[in-house]
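I have placed the structure first, in the form of structure tokens, so that the comments after it can refer back to it.
Chain naming here is simple, since letters A, B, ... match the order of the sequence lines and numbering starts at 1 in each.
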Protein chains: 2
Amino acid sequence: MSEKRRIGLKDIARELGISISTASRALNAYPGIADETIKLVKEYAEKHNYVPNTMAVNFRKNKTMTLGIVVPELIHYFFSSVISGAIQTAKKHGYSVFVSQTDEKVANEIVACRTLLSSGIDGLLISISNETIEGKHIQEFLEEGKPVVQFDKVSDYLETPKVIVDDFQGAFNAVEHLLKKGYKKIAHIGGWADVKNSVERKRGYMEALRTNGFEIHGDFLLECTDISEQEGYEFTKKLMESHNPPDAIFCITDLVAIGAIKYLKEKNFQIPEQVGVMGFSNWQLAGMVSPGLSSVDQHAYEMGVKSTEILINILRGKALCTDQTHIVKTELIIRESTSVKSHKDQEPIN
Amino acid sequence: MSEKRRIGLKDIARELGISISTASRALNAYPGIADETIKLVKEYAEKHNYVPNTMAVNFRKNKTMTLGIVVPELIHYFFSSVISGAIQTAKKHGYSVFVSQTDEKVANEIVACRTLLSSGIDGLLISISNETIEGKHIQEFLEEGKPVVQFDKVSDYLETPKVIVDDFQGAFNAVEHLLKKGYKKIAHIGGWADVKNSVERKRGYMEALRTNGFEIHGDFLLECTDISEQEGYEFTKKLMESHNPPDAIFCITDLVAIGAIKYLKEKNFQIPEQVGVMGFSNWQLAGMVSPGLSSVDQHAYEMGVKSTEILINILRGKALCTDQTHIVKTELIIRESTSVKSHKDQEPIN
DNA sequence: TTGAAAGCGGTACCAC
DNA sequence: GTGGTACCGCTTTCAA
């Protein structure tokens, strides 16, 4: 670590016999500087590889060209994709990004936000934890004039732009697909009743049934508490052992669906012939398990890009920090787990 | 966005009729300040929720309490786990972390490093891209006196601490396990010949065979170019269709192993009875596919923790930035894909 | 077209 | 124990 000292504006000015301000202006392409001076300064700077001291600039301009992103869990295909999109987009516009995770705990979220705020980020991207309700800690950013964009899991208490996936439509399409494939007794292994995404998916499920003239069967509505493979397995067991087993299962998440498949395979139910299985999220693994799991892709990367673009537009004064909601379309990915009669034409329902 | 103005040291000093320096010292628990003054200042600060301006502090102290982490791919179970460990550890010590990804391209890596360097991070954690050889751009950090810790994919051209997984031992154990299970014709679908991790795994494979008195069969050594599921499938096909098919396949990665399994299942080979399959990395999905995939866990999270601790120790002057290598142990995870005769005792080999 | 100088908000040295 | 003050490196107003 040989500590090579960096040169500063002062050095350039001294060596070139000009003033610091002139040097500064020359480098920043300010108007009203002789072309020759500019050339001179730029060349000298280049030659001695002058790098402006970012901390000084930040301090002076009171902005850092950094964004913060807070997610419940980093080790998650969905969130790491969103983050990836956010980082890529931020980079494109000259921003760096701090990443924090909350493990779905508000307490952690509060600490993360406070740290981010005091570290002087220019704007925040956040997907709130399951525990978060009002988000006073997020409000603090707005109070300091720092824009916030919420994505995926959002709080309606906060007046910020929101970028969400159309859970309702995604679920609706998924279930309608099952109906078109001829499944008539579709169960739903859902999530918490107080998490918006879960509620919307359930609503989509119900609406698809209703629209297509099917009744909603109470025994077909299950609720996960920890949304695990284990629960998928257990609930599927419960469903299949009941006196009226379903012929298809729409799961809140691919993970749950994997559990469902595991049970079904163990008991030698044919997928998709006897039972169809539909996931949600389209994780990488959905294409790797067998049978391939049909799922609803949430376009996570796009979501990261979109959210970041909105945030940067606000920072650039090109947009306002209103509470507009942007919806990212979902995409139904059909794989073997629902591809019964896949070589025939689909028959119309009703 | 109602722009609430923050108070500063100046305001505190004025209101309390003391000097700015006293206020500063009181808040930072400097020695030689009357307890009463401290109390007074702290109370006032608390009440008017004074938050020191981080940019000013950074500027003055010439450090930012931020670290940078550069990885080839963020959307990767392994790397997101490392990052998670790094972020957690950094947080514990008061550091925030910037995350960058390179998509395995040196060009991107150079940009990422330059950005990170100019953004004033205190230290760097990096796993180099496959294309990186010398890493002059990383050297620049060292030249500026900023410590660097390399992890997983490291360059020996750089004199920094390195935290790596014991690929050799991991592979050795994996292959020895296969041998103990009675497999006698073990193939290896490996990676690039010029990437250290691949080389080490191959070396482990060969050494395990040799140690146990088996010969290395040239036709059993395959090399992936893009390390995909597809390649796993293709190479397995090639192996199984040859005149001398293997009875077990040790794959460079779980992804490749999934491809192998896909082929084997398609052709109705019994796993693990006819063919055993071993992966490497122990991705989440290894436990979800069926049959469950035996694999070598790399303790990614631990790696992130360890690397970050080393970096922070250097920053705190508790350690030097020498080029010591730290090895994270691997762990063999046995699942169904190699559990032939799982209810019998293993028979000794040789 | 250029230069001088006033800060940005703290920290830390030096004097009392 | 406390106050005064010189910076940190750069941007930006004002004057020339």
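Each of B/N53 and A/G32 lies near DNA chain C, and the nucleotide nearest A/G32 is the one positioned closer to the 5' end. For A/F59 and B/I38, each mapped to the nucleotide of DNA chain D holding its nearest heavy atom, the one lying further toward the 5' end belongs to B/I38. Comparing A/T22 and B/S24 by the nucleotide of DNA chain C whose heavy atom lies nearest to each, the residue mapping closer to the 5' end is A/T22. Closest-nucleotide positions on DNA chain D for A/V57 and B/D35 were compared, and the one nearer the 5' end corresponds to B/D35.
Note on A/E46 versus A/K39: no salt bridge recorded, every NZ/NE/NH1/NH2 to OD/OE distance being 4.0 Å or above. Salt-bridge annotation for A/K318 and A/E309: absent, with no side-chain N of the basic residue lying under 4.0 Å from a carboxylate O of the acidic one. For B/R114 and B/E140, the salt-bridge test passes: some basic side-chain N is under 4.0 Å from an acidic carboxylate O.
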TODO: Please test A/T115 against A/S100 for side chain to side chain contact (heavy atoms under 4.5 Å, CB included), starting from the C-alpha separation and ending with a verdict.
DONE: CA-CA 10 Å; A/T115 307; A/S100 291; over 6 Å; no

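Residue B/T37 places no side-chain N or O under 4.0 Å from the OP1 or OP2 atom of D/dG1. Not one side-chain nitrogen or oxygen of B/Y30 sits closer than 4.0 Å to the OP1 or OP2 atom of C/dC13.
A donor N or O paired with an acceptor N or O is found under 3.5 Å between the base of D/dG4 and the side-chain atoms of B/S21. Checked by distance alone, A/R6 brings no side-chain donor or acceptor within 3.5 Å of a matching partner on the base of D/dG9. Judged by distance alone with a 3.5 Å cut-off, a donor-acceptor contact links the side chain of B/R25 to the base of D/dG3.
When each of A/L16, A/I38, A/L9, A/T37 is paired with A/T22, the side chain to side chain contact (heavy atoms under 4.5 Å, CB included) condition holds for A/T37 and for no other.
Taking the six-membered ring where tryptophan is involved, the planes of B/H48 and B/Y44 are essentially parallel, since the angle between them stays under 30° and well short of 60°.
Comparing the start and finish of the helix from C/dT1-D/dA16 to C/dC16-D/dG1, five pairs each, the helix axis swings through 40°, to the nearest 10 degrees.
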